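Here the structure is a predicted model, which means the values were calculated and not measured. We number each residue from 1, following the sequence as shown.
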Amino acid sequence: MKRDRDEAEEEGNEERNKRKMEIVWQTPAHPAQKQDYIFHNGKRHVRPYYFEFVSHVNKRWEGKTIVDLFAQEFRGRSRDYYVSAVKCGRIQVDGENIPVSYIVKRCQKISHFLHRHEPPVMAWDVEVLQNEPDVLTVCKPASVPVHPCGQYRKNTVLGILQAEYGLAPLYPIHRLDRLVSGLLIMAKNPAKADIFRQHIEAGLVQKQYVAKVVGVFPDAEQVVDANIDYNAREGRSTAEVGISNGDTTLKGKAACTKFTRISTNGIHSIVLCEPVTGRTHQIRVHLQCTGHPIANDMLYLSDVVNRSTLGTTADRAAALSGGSPETSCESHKEEYKYCSEDFSIDPMCTHCPNLAPNGYDGHEEGLWLHCVRYTGPEWVYECPYPDWASLT
């Protein structure tokens with residue numbers, strides 16, 4: 001019996017070692033692939049994967065112990081986790097295992113090996129609009145970031161295009177916020193990207209968006225000329241109206257947007273937005289200045305807006321998906337349940353067995369703001385209007 005137990009234990013150790021050897025630590029150089037995605041409840045998830053995060057010791061970090069550094073600078077995990085990560089080699093310095101008391105030195109390379117969980121995005125396709133020798137245009141879905149940033153790497157437009165179409169490398173020539181949908185133009189080589197950059201910097205490019213706003217927007221063209229001051233800590237912008245003088249100084253950057261009403265049903269209006277400049281959240285903030293903010297923009301809706309105009313969360317979600325409030329509510333009840341065929345649980349991971357990372361609130365709603373047209377010297381690219389732009 002003892003011999004059988006020893007053999008079983010030995011086989012178990014061999015199996016665990018085999019699984020350990022199968023771990024592949026990915027870096028930004030690893031491309032996204034089709035099998036990396038899981039579709040559940042109308043959302044595109046990424047299978048959790050092992051990833052090496054790399055940073056270098058700066059002046060502020062120098063002289064701290066490795067555990068103090070992580071506990072103070074990366075507060076998303078507990079101190080006990082960082083102690084365990086150092087002890088088992090999940091945190092290394094210059095490619096070597098180190099003790100928990102190790103004091104870091106300037107410019108050293110720090111590697112943190114993690115089981116990475118990306119937030120999900122809506123499962124809408126990234127539709128290719130035009131595929132030219134030097135240029136690719138797509139209709140970017142709302143909720144999907146353009147390029148890797150923060151917690152997103154594979155769940156991005158660039159990651160999805162590489163995984164599903166083999167299109168890489170690509171060079172986006174303009175910015176679209178994660179919650180904004182519509183036309184995205186990408187160059188296929190640095191030379192073409194540079195030509196677009198020169199056109200934009202010379203002020204030769206005109207941009208058009210459509211937005212669904214609260215209330216009856218004025219019939220006459222509205223021009224908002226107000227500085228934009230972006231607060232990175234709060235993640236929002238404010239508009240500044242006035243002239244700098246000896247007593248007051250406008251902190252924001254000059255910004256101008258033209259607005260023209262396309263249609264209205266007395267409750268909402270569809271507005272053509274033409275930003276002359278390109279500041280962070282410019283269209284959203286300038287629409288707020290007109291008294292007609294984007295109707296589902298929780299960040300910039302004024303307190304004076306009658307919230308009954310917006311409907312409930314279920315109403316808004318249903319409007320975005322094309323379903324009814326009842327069916328939309330029902331779908332949100334179907335939470336993901338762990339399946340070993342989807343991914344293996346990592347014993348050190350603070351997110352497992354969940355598919356989404358900790359802190360993800362489960363709500364993914366796109367803004368009613370959509371890029372429809374970019375025009376430059378001898379070139380025009382367009383994107384179809386979204387369904388919500390038809391007021392019926």
Can [Y] be reached from [X] by stepping across I, L, V, M, F, W or Y side chains whose heavy atoms are under 4.5 Å apart?
X	Y	value
F39	V157	yes
Y230	M298	no
L299	I228	yes
V224	V276	no
L176	L183	yes

Do [X] and [Y] have side-chain heavy atoms sitting under 4.5 Å apart?
X	Y	answer
Y360	N358	no
N41	K43	no
N354	H117	no
R77	F70	no
L136	L161	yes
Q26	E52	no
I173	K192	no
V271	T260	no

Report yes if the distance between the aromatic ring centroids of [X] and [Y] is under 6.0 Å, otherwise no.
X	Y	value
Y338	F343	yes
H281	Y300	yes
F217	H268	no
H174	Y374	yes

How far apart are the C-alpha atoms of E164 and Y37, what are their side-chain angles, what is the distance that settles it, and do they pass the side-chain hydrogen bond (donor to acceptor under 3.5 Å, both in side chains) test? CA-CA 10 Å; E164 297 188 349; Y37 299 99; over 6 Å; no

For atom [atom1] of [X], decide whether the heavy atoms of other residues, nucleotides or ligands shown that lie under 6.0 angstrom number more than 12.
X	atom1	result
K188	NZ	yes
N265	CG	yes
K258	NZ	no

To the nearest 0.5 Å, how far apart are CG in N189 and CG in D134?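 Rounded to the nearest 0.5 Å, the CG-CG separation comes out at 5.0 Å.
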
Is the terminal nitrogen or CZ of K34 (NZ for Lys, CZ for Arg) located under 6.0 angstrom from the six-membered ring centre of Y165 and within 45° of that ring's axis? no

Grab the two heavy atoms, one from [X] and one from [Y], that are nearest each other, plus how far apart they are.
X	Y	answer
D36	P31	OD2-O, 4.2 Å
S55	W61	OG-CZ3, 3.7 Å
V210	P386	CG2-CD, 4.2 Å

Please work out whether the ring planes of W388 and W368 are parallel, tilted or perpendicular, with thresholds of 30° and 60°. tilted

Can you classify the ring geometry of Y381 versus W379 as parallel (below 30°), tilted (30 to 60°) or perpendicular (above 60°)? tilted

